[in-house]
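Bear in mind the structure is a predicted one, so any value in this text is a computation, not a measurement. In listed order, ligands and their atoms are each counted from 1.
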Amino acid sequence: MMREIVFSTNNVHKLAEMQAIVGDSFRIRSLADIGCHEDIPETADTLEGNALMKARYVKKHYGYDCFADDTGLEVNALGGAPGVRSARYAPGEGHDAEANTRLLLLNLEGVEDRTARFRTVIALILDGKEYTVDGIVNGVITREKAGVGGFGYDPVFCPDGFDVTFAEMDSDSKNAVSHRGNATRNLIKLLSSI
Ligand code: IMP
């Protein structure tokens, strides 16, 4: 029987990416699948802290073993910003990817050093133990948006070794090099070792 694990998210993009990467080794269940419809707090000041917070919430309130991720875009010329605040970079309520991307390009206007990385941390709670793994992709922030695929900062992030943005790549090509892809492959390695 296929093993099942809860992924502490309702982001359909992430669920689809994650299921594609793990293939048929696990069936991934979403928060909606377990009847969790509330916003889970993520108020820590590190990616590790937020990932653990989201995983612990599901374990505590719903009883499921699960994993949760948190991702940040770390731009060198901005001292690592937006980092843990990537979803809420532009002022105001809501997670507005358009506004976040616009603000990022504005803050990098005239800046030569465009190097950046995405970093994903995944926290896993399994059989009463907590684990974390991470995954990184290095790249540069482009000068303007390109492409319509993906989500978030994808239209302005060009991974090292490519001359297109994540938003111009198909999902298999993105997953093969991305932060979440690398973190997920580390998660799979971990799951098969415990
Ligand atoms: P989260 O922790 O995965 O929700 O990510 C926080 C924020 O980082 C998201 O709201 C997006 O703006 C951004 N982000 C995360 N993953 C990606 C990605 O694969 N591409 C582009 N932006 C991303």
Side-chain angles (χ1 to χ4, degrees), residues 7-21 28 30-31 39-58 66-75 78 80-108 114 116-124 132-142 145-160 162 164-187:
F7 181 12
S8 177
T9 187
N10 273 326
N11 179 324
V12 289
H13 299 285
K14 285 207 249 170
L15 283 161
E17 275 191 10
M18 194 64 86
Q19 186 68 69
I21 296 164
I28 294 176
S30 69
L31 290 176
D39 271 343
I40 300 181
E42 36 182 316
T43 51
D45 55 11
T46 60
L47 299 175
E48 281 81 2
N50 275 339
L52 277 165
M53 199 177 253
K54 289 187 270 188
R56 285 175 186 152
Y57 185 96
V58 169
C66 67
F67 66 91
D69 73 335
D70 202 44
T71 295
L73 174 64
E74 301 171 343
V75 179
L78 302 177
V84 72
R85 295 189 42 80
S86 291
R88 297 154 275 128
Y89 188 41
E93 287 297 298
H95 297 184
D96 183 342
E98 266 299 313
N100 289 338
T101 305
R102 220 178 309 122
L103 180 60
L104 179 66
L105 290 181
L106 189 67
N107 287 342
L108 286 176
R114 321 266 320 170
R117 65 179 191 170
F118 273 113
R119 191 163 76 93
T120 294
V121 174
I122 298 179
L124 169 72
T132 58
V133 292
D134 74 354
I136 286 167
V137 59
N138 290 302
V140 291
I141 305 300
T142 55
K145 289 168 63 171
V148 293
F151 67 103
Y153 298 91
D154 276 349
V156 296
F157 185 85
C158 173
D160 282 355
F162 293 80
V164 290
T165 68
F166 268 162
E168 295 175 286
M169 294 166 72
D170 63 42
S171 58
D172 284 350
S173 310
K174 177 184 172 186
N175 292 343
V177 296
S178 80
H179 46 304
R180 201 164 18 263
N182 291 332
T184 305
R185 284 179 280 277
N186 288 334
L187 175 69

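- Nearest protein heavy-atom neighbour of atom 20 (N) of ligand 1: D154 OD1, 2.6 Å.
- Within a 6.0 Å sphere centred on CG of D170, other residues, nucleotides and ligands contribute more than 12 heavy atoms.
- Using a 4.0 Å cut-off between charged side-chain N and carboxylate O, K145 and E98 make a salt bridge.
- Residue, atom and distance of the protein heavy atom nearest to atom 13 (C) of ligand 1 are Y153 CD1, 3.8 Å.
- Ionic pairing of R119 and E48 is present here: one or more N-O contacts between side-chain nitrogen and carboxylate oxygen are shorter than 4.0 angstrom.
- Distances between N or O atoms of N100 and those of ligand 1 include no value under 3.5 Å.
- Ranking the protein heavy atoms by distance from atom 8 (O) of ligand 1 puts S86 CB, 3.5 Å first.
- The closest protein non-hydrogen atom to atom 4 (O) of ligand 1 is K14 NZ, 3.4 Å.
- Ring-plane geometry between F157 and F166 is classed as tilted, the angle between the planes lying from 30 to 60 degrees on a 0 to 90 degree scale.
- With salt bridges taken as basic N to acidic carboxylate O contacts below 4.0 Å, one links D154 and K174.
- Here the heavy atom of the protein found nearest to atom 23 (C) of ligand 1 is F118 CE2, 3.6 Å.
- Of the candidates P82, A87, A97, it is A87 that places a heavy atom closest to atom 7 (C) of ligand 1.
- Nearest non-hydrogen protein atom to atom 15 (C) of ligand 1 is T71 CG2, 3.4 Å.
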